[in-house]
Amino acid sequence: MKNFVAEPLWQALQELHQQGILPQLPAHLELDRPKQQAFGHLASNVALLLSKSSGKRPRELAEAIAGALPSSPWIEKCELAGPGFLNFFLRPAAFQAAVATVHAEGERYGSMDMGRGERIHLEFVSANPTGPLHVGHGRGAAYGASLANILRFCGYEVFCEYYVNDAGRQMDILAASVFLRYLEVAGQALPWPFPKSAYQGEYVRDIAARFHETAGDVLLHAGEALPALDGMEDGDRMVDVLIAHLKLRLGAETYSRLHAAGLEEILADIRDDLAGFGVHYDNWYPERSLMQGGAVESAIARLVEGGYTYSSGGALWFRSTEFGDDKDRVLRRENGAYTYFASDVAYHWEKFQRGFGKMVDMWGADHHGYIPRVRASLQALGQEDSALEVLLVQFAILYRGEEKISMSTRAGEFVTLRQLREEVGNDAARFFYVLRRADQHLDFDLELATRHSEENPVFYVQYAHARVHSLWRQAGERGLSVPDGAGLPALRTLEDPREFVLADLLWRFPEQVESAAREREPHQIAFYLKELAASFHTYYNATRILVEDEDVRLDRLALCRAVARTLANGLALLGVTAPEQM
RNA sequence: GCGCUCGUAGCUCAGCUGGAUAGAGCAACUGACUACGAAUCAGUAGGUCGGGAGUUCGAAUCUCUCCGAGCGCGCCA
């Protein structure tokens, strides 16, 4: 729609440029939608921007531009206003064209080819598989999946990946936790209370019980001489002692069986949970494969060859300070083990090797201090700084009424994503999650969400969609003719200002999608949908749609149907259903 | 202490690469169903955009500085 004005405006500017009145043309044209009706449908500030380089006063320049505008079937008039704004008023035909465009493009309305098939690697959630996903992870899932949909809609080829941290110490702690519960299941009492630094959740007990069913008592011997933990502080060292004991007593093979039992079961649960939430991945990337495939060694070898490393205190360090990081970072510890950072360097390098020139990572906001070092490593490995984009997602803060609920995975007192989905439903959860900018804290009040779920904005939007379909049902019952898509009405009768407001909003959808994609902000779609639904409800309450006059009726139905189509397209981007009845 | 993010109506939040009188939803108050779904709508009230200074035709938006909040600063992941 902006092209209706942008093209003639651009012609006028070029005309003045050739005449020598404008020494310089703007890099791009910006058209605003003024808040006040008196300022027209679209406004340009180009005269204000060009006044300096042309040495002319803004109003004088605006006048010249207005005079050079070619005539257009879409533009009613162009007025000068304020310090030098150009205010454009559109003809009804411009709005009527919106309805026809929506119907012509259907499910593809709002899509575009901005990305031109560019490949984007999108990594999100990637929670450690040490327990079920909680509501904080749900936010990342909803945000990432919606962003993937939006980017695909804009012509990008998006590859979604979940990075599985299956190699770290946290997994060892899980294995130890499962083992202790296993002893209890087998009827063997622990010589000390279950450690607080181990995973306490009920799910650990369940995994242990199933593991006992398949493995039997063959691991029991390792529980016979458990290390004395008396007097030891319940913390990292205590679990390390336990892990060391287990590895020694069980042997590598049996230990890895125990390790795998926990990992596989939890991972299966996470996959199932996300799939049920409408979140799909193209690949699940195990951290262990980096180790086993030698990717870590080769990435680090590259850093060493490039002269970006040094040894100190028996450890291998990366000079990340050369690329703006606060301090240098350890890649390989004194004990020879690689750090988590080392595998992350390898992981990002490996993504690049797979042909992804563009990587978008979504991390919890508490990881923001981690960005400079990863960015540094990519630069040291010769990649463009812009190759990696990190989006931070604040964790959701969960409330039950006034009471804040803590979400420590180890303590096991968290609300799972699965529980949330069951309580409020997928639609409400998906919509609610993207109703805020990702980098803002999200207060999620369970009591409100469960008790007053009908107050959730998602119902407001879905209701607007259902109302349109209700019109069709009504028309059918009364034997009235309805537009059938093939024979779209000419839309001559649409001329109510409220109809133009709606049509103008329909025009805005593609612009909003583009903006959401560019800024990586799905919440823009959610806000847009609320606005479109509100305008529709207003129109619906003020205007009778199913009137006797057939021309008017068909036009209004076509407009309503275009609204429903646009609502459905937008909801689909957010992974929310568009019901025809509620 | 250093770094990142943030501070907009009673509450929760929008505000598009600075644009013309700062918006929405809840909550409060007043109205609209013998009418296509009242899960809705119309209206009233509510803000020195944390304080101050600067940049310019023009600042919630950019810069600086204070105040306040959250997070991060490990040979953890």
Side-chain angles (χ1 to χ4, degrees), chain A residues 28 30 32-36 38-39 43-45 48-49 51-52 57-59 81-85 87 128 130 165 167-171 173 236 287 312-317 326-327 329-341 343-344 364-372 392 394-395 397 435-437 439-443 445 448 452 454-457 459-460 462-464 466-475 477-478 480 508 511-512 514-516 518-519 521 523-524 526-527 530-531 533-534 536-547 553 556-557 560 581-582:
Chain A
H28 55 272
E30 193 178 328
D32 287 329
R33 290 164 195 277
K35 290 162 198 152
Q36 293 169 69
F39 295 152
S44 170
N45 63 349
L48 292 158
L49 297 175
S51 94
K52 217 171 222 173
R57 279 181 308 190
R59 274 198 78 101
F85 288 104
N87 293 335
N128 284 348
T130 54
N165 293 118
R169 183 164 165 275
Q170 300 303 325
M171 292 307 303
I173 299 176
D236 289 348
E287 183 187 1
S312 173
L316 183 69
W317 294 71
D326 290 339
K327 50 183 82 164
R329 308 291 172 179
V330 172
L331 290 164
R332 194 174 52 228
R333 300 185 198 112
E334 191 181 1
N335 66 11
Y338 288 109
T339 59
Y340 175 82
F341 173 57
S343 42
D344 228 12
D366 54 341
H367 282 63
H368 65 76
Y370 198 72
I371 298 173
L392 296 177
Q394 290 282 356
F395 275 178
I397 303 168
L435 212 43
R436 244 159 219 74
R437 292 170 52 106
D439 55 7
Q440 292 279 11
H441 286 284
L442 172 67
D443 290 338
D445 186 339
L448 196 74
H452 306 290
E454 70 281 359
E455 285 173 19
N456 194 300
F459 292 102
Y460 183 82
Q462 288 180 320
Y463 181 45
R467 262 185 156 176
V468 173
H469 284 271
S470 173
L471 285 171
W472 251 256
R473 288 191 294 273
Q474 276 288 331
E477 283 167 23
R478 296 191 211 165
L480 297 170
R508 254 183 54 193
E511 297 168 22
Q512 208 61 245
E514 180 182 350
S515 171
R518 207 178 43 238
E519 310 287 331
E521 291 183 345
H523 82 272
Q524 289 189 26
F527 276 86
K530 283 205 309 184
E531 201 178 336
F536 172 74
H537 286 309
T538 295
Y539 176 63
Y540 181 93
N541 275 277
T543 317
R544 203 158 167 73
I545 312 295
L546 299 175
V547 292
R553 183 176 70 241
R556 290 182 179 167
L557 280 169
C560 291
Q581 281 185 65
M582 296 175 72

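Keep in mind the model is a prediction, meaning the values are calculated, not measured. Letters A, B, ... are given to chains in the order of the sequence lines, protein chains preceding strands, and every chain is numbered from 1.
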Would you mind reading off the distance between [X] atom [atom1] and [N] atom [atom2], rounded to a whole angstrom?
| X | N | atom1 | atom2 | answer |
| --- | --- | --- | --- | --- |
| A:Leu392 | B:U5 | CG | C1' | 8 Å |
| A:Arg57 | B:U56 | CZ | P | 20 Å |
| A:Tyr370 | B:A77 | OH | P | 9 Å |
| A:Arg436 | B:G15 | CZ | P | 12 Å |
| A:Glu511 | B:C16 | CD | P | 15 Å |
| A:Glu521 | B:A14 | CD | P | 9 Å |

- Item | Nearest listed nucleotide, side chain of A:Val330, among B:C75, B:C16, B:G19 |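 Ranking B:C75, B:C16, B:G19 by closest atom to the A:Val330 side chain puts B:C75 first.
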
- Give the C-alpha distance, both sets of side-chain angles, the deciding distance and a yes or no for side chain to side chain donor-acceptor pair (under 3.5 Å) between A:Thr130 and A:Gln170. CA-CA 7 Å; A:Thr130 54; A:Gln170 300 303 325; 5.9 Å; no

So, is [X] near the phosphate of [N], with a side-chain N or O under 4.0 Å from OP1 or OP2?
| X | N | value |
| --- | --- | --- |
| A:Arg467 | B:A38 | yes |
| A:Lys327 | B:G74 | yes |
| A:Gln440 | B:C13 | no |
| A:Thr538 | B:C41 | no |
| A:Arg333 | B:A77 | yes |
| A:Tyr463 | B:G37 | no |
| A:His367 | B:U5 | no |

- Task: Mind checking A:Glu334 for me? I need base, sugar-phosphate or nothing, with any heavy atom below 4.0 Å counting as a touch.
- Result: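 If one applies the 4.0 Å heavy-atom cut-off, A:Glu334 turns out to touch a base.
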
- With centres under 5.5 Å and planes under 30°, do A:Phe39 and B:A20 count as stacked?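 Here A:Phe39 meets both the 5.5 Å and the 30° conditions.
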
- Message: With the six-membered base ring of B:A24 as reference, does the ring of A:Phe527 sit under 5.5 Å away with planes under 30° apart?
- Response: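 Base of B:A24: not stacked against A:Phe527.
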
- Item | Assigned glycosidic conformation for B:C16 [threshold 90° from 0] |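 Classified anti.
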
- Query: In chain order, what residues pass the ring-ring contact (aromatic ring centres under 6.0 Å, His included) check against A:Phe527, with sequence neighbours excluded?
  - Reply: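 A:Phe527: ring-ring contact (aromatic ring centres under 6.0 Å, His included) contacts with A:His523.
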
- Message: Any strand counts, and the cut-off is 3.5 Å on both contacts for Watson-Crick or G-U wobble. Which nucleotide pairs with B:C13?
- Response: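 For B:C13, the partner nucleotide comes out as B:G23, under the 3.5 Å rule.
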
- Is there a donor and acceptor pair, one atom on the side chain of A:Asp366 and one on the base of B:G72, closer than 3.5 Å?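 Answer no: no donor N or O sits under 3.5 Å from an acceptor.
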
